[in-house]
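Structure record follows, encoded as structure tokens.
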Amino acid sequence: MGQRNRLQYIILGLLNQRPQTGYDLAKAFENEIGEFWQAQHSQIYPMLKRLEAAGEISHEDTVTGEKLAKKQYTLTAAGREKLVAWVSQPSPELTPSKDEFILKLYFIKTASDPRIQPMLREQYQLHQSQLHHLQQRQETVFPNQAAIDQAYGHYLILDHAIERESHYVEWLAQYLEK
């Protein structure tokens with residue numbers, strides 16, 4: 001099965017939460033969405049044009065300050081229907097991870113290779129830092145059960161990311177020289 005363009009659904013989902021500018025959408029990829037999906041300005045803005053041409057979103061020009069015009073995008077009924085249909089579809093494929101560290105490990109032949117311990121230490125530090133960041137995000141974004149109940153899917157994703165990083169750190173630690 002070919003790779004579907006999931007960016008369109010992410011944008012529809014973000015606009016389903018509230019109207020946003022292209023800048024707001026790009027910022028979402030630096031924060032919460034960026035924890036599990038990446039997109040650049042060069043991908044987001046052309047997708048906004050395609051979604052608008054398809055009648056799935058619309059925009060209203062707003063002016064901030066003296067002259068700064070911004071396009072505020074909103075979801076149309078057709079866009080909402082497309083989003084609901086996509087969320088309702090099964091997700092039967094596993095997406096391979098593009099982890100460069102794992103790729104490099106594949107080409108190391110022996111445990112005595114002098115590159116392995118520095119690589120493991122570096123990754124251990126990176127994943128420890130990421131785990132700490134995710135735990136702080138969870139405390140900030142979900143301080144109580146009411147916050148969890150309002151964004152349960154988001155909570156599950158963050159919990160999954162914490163579990164993934166915890167496991168990664170444990171896995172690295174078992175191969176680090178003491």
Side-chain angles (χ1 to χ4, degrees), residues 3-45 47-48 57 64 68 70-75 80 83-84 86-88 91 93-106 108 115-178:
Q3 184 82 322
R4 294 177 294 181
N5 187 338
R6 292 174 180 99
L7 178 59
Q8 64 185 320
Y9 300 111
I10 296 168
I11 290 173
L12 293 173
L14 289 169
L15 292 177
N16 192 46
Q17 293 174 342
R18 69 184 194 295
Q20 298 184 56
T21 64
Y23 177 80
D24 296 332
L25 293 166
K27 283 301 207 188
F29 285 95
E30 293 176 17
N31 296 309
E32 303 305 326
I33 299 291
E35 298 289 350
F36 58 91
W37 205 272
Q38 301 294 313
Q40 307 301 317
H41 289 195
S42 60
Q43 297 168 293
I44 295 168
Y45 287 95
M47 182 57 69
L48 287 169
I57 65 172
T64 56
L68 185 59
K70 294 182 178 182
K71 290 182 179 181
Q72 183 89 7
Y73 293 94
T74 57
L75 196 61
R80 192 167 287 107
L83 176 64
V84 168
W86 174 70
V87 170
S88 301
S91 301
E93 356 167 309
L94 292 175
T95 306
S97 169
K98 292 183 179 179
D99 186 332
E100 185 178 3
F101 166 67
I102 296 297
L103 181 61
K104 288 177 180 181
L105 282 182
Y106 180 79
I108 291 189
R115 299 170 294 181
I116 193 110
Q117 286 301 311
M119 288 171 66
L120 291 171
R121 278 192 298 278
E122 175 189 55
Q123 290 299 307
Y124 182 82
Q125 291 170 348
L126 289 169
H127 285 276
Q128 272 286 63
S129 177
Q130 179 67 358
L131 176 58
H132 181 69
H133 165 75
L134 292 169
Q135 289 167 332
Q136 286 184 319
R137 290 295 304 149
Q138 188 176 47
E139 289 174 16
T140 301
V141 177
F142 299 106
N144 54 46
Q145 189 62 45
I148 293 169
D149 292 343
Q150 289 181 335
Y152 190 64
H154 181 185
Y155 173 78
L156 290 176
I157 291 165
L158 193 50
D159 186 60
H160 173 262
I162 290 169
E163 290 294 323
R164 179 193 66 230
E165 290 302 319
S166 294
H167 177 68
Y168 212 127
V169 166
E170 289 171 15
W171 174 74
L172 289 162
Q174 74 180 348
Y175 293 102
L176 281 171
E177 291 177 350
K178 306 291 182 225

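Keep in mind that the numbers below use all heavy atoms, side chains included, and drop hydrogens, waters and symmetry copies.
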Notebook entry, point to check: Side chains of Thr74 and Ile57: closer than 4.5 Å at any heavy-atom pair?
Noted result: no
Checklist line | By side chain to side chain donor-acceptor pair (under 3.5 Å) - contacts of Gln130 (at least two apart) | finding: Glu35
Notebook entry, point to check: When rounded to the nearest 0.5 angstrom, what is the spacing between CG in Leu25 and CD in Gln43?
Noted result: 13.0 Å
Notebook entry, point to check: Got a sec, which residues hit side chain to side chain contact (heavy atoms under 4.5 Å, CB included) with Ile157, two or more places apart in sequence or on another chain?
Noted result: Phe36
Next item on the list: Not counting sequence neighbours, which residues clear side chain to side chain donor-acceptor pair (under 3.5 Å) with Asp149? List them please.
Entry: Gln145
Notebook entry, point to check: Taking C-beta and beyond as the side chain, do Leu48 and Lys71 meet within less than 4.5 Å on heavy atoms?
Noted result: no
Margin query: Which residues pass the salt bridge (charged side-chain N to carboxylate O under 4.0 Å, His left out) test with Lys27, not counting sequence neighbours?
Written below: Glu30
Item checked: Spacing of Phe29 atom CZ and Ile44 atom CD1 [to the nearest 0.5 Å] -> 5.0 Å
Notebook entry, point to check: What's the shortest heavy-atom distance between Met119 and Leu105, and which atoms?
Noted result: CE-CD2, 4.2 Å
Next item on the list: Could you tell me whether His167 atom NE2 has more than 12 heavy atoms of other residues or ligands within 6.0 Å of it?
Entry: no
Check: How many angstroms lie between CD in Gln135 and CG in Leu158, if you round to the nearest 0.5 Å?
Finding: 9.5 Å
Next item on the list: Go through the structure and list residues passing salt bridge (charged side-chain N to carboxylate O under 4.0 Å, His left out) with Glu100, not counting sequence neighbours.
Entry: Lys104
Notebook entry, point to check: Got a sec, which residues hit ring-ring contact (aromatic ring centres under 6.0 Å, His included) with Tyr168, two or more places apart in sequence or on another chain?
Noted result: His127, Trp171
Check: Which residues satisfy the side chain to side chain donor-acceptor pair (under 3.5 Å) test with Gln40, sequence neighbours excluded?
Finding: none
Item checked: Heavy atoms of other groups near Tyr45 OH, more than 12 under 6.0 Å -> yes
Pair up each side-chain donor or acceptor in residues 13-22 with any protein partner under 3.5 Å, not counting sequence neighbours, and list the distances.
residue	atom	partner	partner atom	Å
Asn16	OD1	Arg80	NE	3.2
Gln20	NE2	Leu14	O	2.8
Thr21	OG1	Tyr23	N	3.4
Thr21	OG1	Asp24	N	3.0
Thr21	OG1	Asp24	OD1	3.4
Thr21	OG1	Asp24	OD2	3.1

Item checked: Over all atoms of both residues, closest heavy-atom pair of Leu83 and Tyr9 -> CD1-O, 3.7 Å
Note to self: Taking ring-ring contact (aromatic ring centres under 6.0 Å, His included) as the definition, give me every residue that meets it alongside His160, ordered by chain and number, with sequence neighbours left out.
What the structure shows: none
Note to self: Restricting to ring-ring contact (aromatic ring centres under 6.0 Å, His included), what partner residues turn up for Phe142, sequence neighbours left out?
What the structure shows: His154, Tyr155
Notebook entry, point to check: About how many Å separate CG of Leu75 and CD1 of Ile11, when rounded to the nearest 0.5 Å?
Noted result: 11.5 Å
Notebook entry, point to check: Any chance NE2 of His132 has more than 12 other-residue heavy atoms, nucleotides or ligands included, within less than 6.0 Å?
Noted result: no
Notebook entry, point to check: For the residue pair Ala147 and Asn144, what are the closest heavy atoms and their distance?
Noted result: N-OD1, 2.8 Å
Next item on the list: Calculate, to the nearest 0.5 Å, the distance between atoms CG and OH belonging to Leu120 and Tyr175 respectively.
Entry: 10.0 Å
Item checked: Qualifying residues under side chain to side chain donor-acceptor pair (under 3.5 Å), relative to Ser166, sequence neighbours excluded -> none
Check: Roughly how far, to the nearest 0.5 Å, is CE of Met47 from CG of Leu7?
Finding: 5.0 Å
Notebook entry, point to check: Going by the salt bridge (charged side-chain N to carboxylate O under 4.0 Å, His left out) test, which pairs reach into residues 152-165, not counting sequence neighbours?
Noted result: none
